[in-house]
Amino acid sequence: MVHQQYPLLLLGGIVAAGLACSSDSGKAAVGQHSTTGGTAACKPLESREPNAPNQQPAFPGQTRACEEKSNVAFDVTVVARGLEHPWSVEPLPGGDLLVTERPGRMRVISAAGNVGPPLANLPKVEAKGQGGLLDAALSPSFASDRTIYWSFSEPRTGGNATSVGRAVLSEDRKRFDQVKVIFHAMPTYNGDKHFGSRLAFGPDGKLYVTLGERSDKEMRPQAQRLDSDMGKILRLNPDGSAPDDNAFVGQPNARPEIWTLGHRNVQAAAFDPQGQLWEVEHGTNGGDELNRVEKGKNYGWPLVAYGEEYSGVPIPGAVTAKEGYQQPVYYWDPVIAPSGMQFYNGDAFPAWKGSVFIGGMGVTSLVRLSLDNGRVTREEHLLKQRGQRIRDVRQGPQGELYVVTDQSNGELWRIAPKSRE
Ligand SMILES: [Ca+2]
Ligand SMILES: [Ca+2]
């Protein structure tokens, strides 16, 4: 274990609430806030050129929020190194951390940094491209049932797709028992991209599963089709069956597990303290999105989206706004390549209470958004100088944060209040 002091961030002050936001370059109108009578301006955090400079946000503050420096003093401890593309970190009761590695391993790592061997009896994963072992989630009653759920790209006849497994962690935390794959997203497809996937249990006791649309042009339209799980957020009973109060139950040719549609590749999902589900998904070039997830709603992809194709051409037939399609609460142009999210409600960092943290892979940062009334008001990028792709972020029992980094030699970090030594 390596303990490192993190330098105090003392550049600038906290931007006072109520200040208006304006573009500092003067050429990009995107992200300008209307002033509320004040004259002072703040600076959007994003200073790169947008990929789609002619697109307009649907409302002020939907993109390019003002930069906020929270000036919080913290220590970063590298708890473990040598993890191969870790995807998920989950704090376990007692202080251990459960970490997944994309090639198909799950390990228990102690708070002191002892990396346990791979847990035995995990089913095989299709570890290629973006596929492999993805998210893990604890059963809401883990303390009594020791049950763990995980999502993974499952090798199947004719290809692969995302599936959800469930098993009981042995008392000694060395192996899984009662292993069962409880859900198989359909259809199977022979590809290696856009599997999603995050798992989140809601206050309703249901398991929400986020998926991607498999990326390839011929698969994209499935994000809008109710007879396909691709490009959807699903809501499952803990046994993998579909609840009968789901959004499209009873509709002809609609899969009963679907909760929302029109997603591209959802790699972050979390409930806020009020019990509302949010997600973050990878868009095309200039189109990463933060969304509030509401039953039965259509989030647009590939018909309604910000950004452009990675080749630089417009998304065929797409518009940025259309009646009947949900607007993102916030979008990033250029993209940040987000993954993993956590609403912060701990006591360790009072200044961060109410913020949402999002892993930033492309921007090698821990992204923090301030929210007010369901809108993003401020953005901060932390830990950027470490240069690691942040894949997941979770809050621990003492209000500390845990982060894993998406590298071949990936790391597990603990972020805790600066010690007074
Ligand atoms: Ca997780
Ligand atoms: Ca969308």
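Remember, it's 1-based here, ligands and their atoms both numbered in the order they're listed. The first residue of the sequence shown is numbered 1, and numbering continues consecutively from there. Because the structure is predicted, anything quoted here is derived from the model rather than measured.
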Could you walk me through whether N291 and E289 pass the side-chain hydrogen bond (donor to acceptor under 3.5 Å, both in side chains) test, one step at a time? CA-CA 6 Å; N291 287 293; E289 297 182 350; 2.9 Å; yes
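- Proximity of the aromatic rings of F343 and W352 is defined here by a centroid distance below 6.0 angstrom, and this criterion is not met.
- With W87 as the aromatic partner, R102 does not meet the cation-pi criteria of under 6.0 angstrom to the ring centre and within 45 degrees of the ring axis.
- Between E90 and I148, every side-chain heavy-atom pair lies at or beyond the 4.5 Å cut-off.
- Seen from the ring of F59, R375 counts as a face-on cation partner, given the 6.0 Å and 45° thresholds.
- Taking the charged nitrogens against the carboxylate oxygens, D227 and R255 have no contact shorter than 4.0 Å, which rules out a salt bridge.
- Within the 3.0 Å limit, A136 places at least one N, O or S atom next to the Ca ion (ligand 1).
- If you look at D135 and ask which of its N, O or S atoms sits nearest the Ca ion (ligand 1), the answer is OD1.
- No other N/O/S atom of E90 lies as close to the Ca ion (ligand 1) as OE2 does.
- Inspection of the environment of the Ca ion (ligand 2) yields the following protein N, O or S atoms under 3.0 Å: E289 OE1, E289 OE2, Y299 O.
- You'll find the ring centres of F271 and F201 outside the 6.0 Å limit.
- Not one N, O or S atom of D392 sits under 3.0 Å from the Ca ion (ligand 1).
- In this structure, R166 is not positioned above the aromatic face of W150 in the sense of NZ or CZ being under 6.0 Å from the six-membered ring centre and within 45° of the axis.
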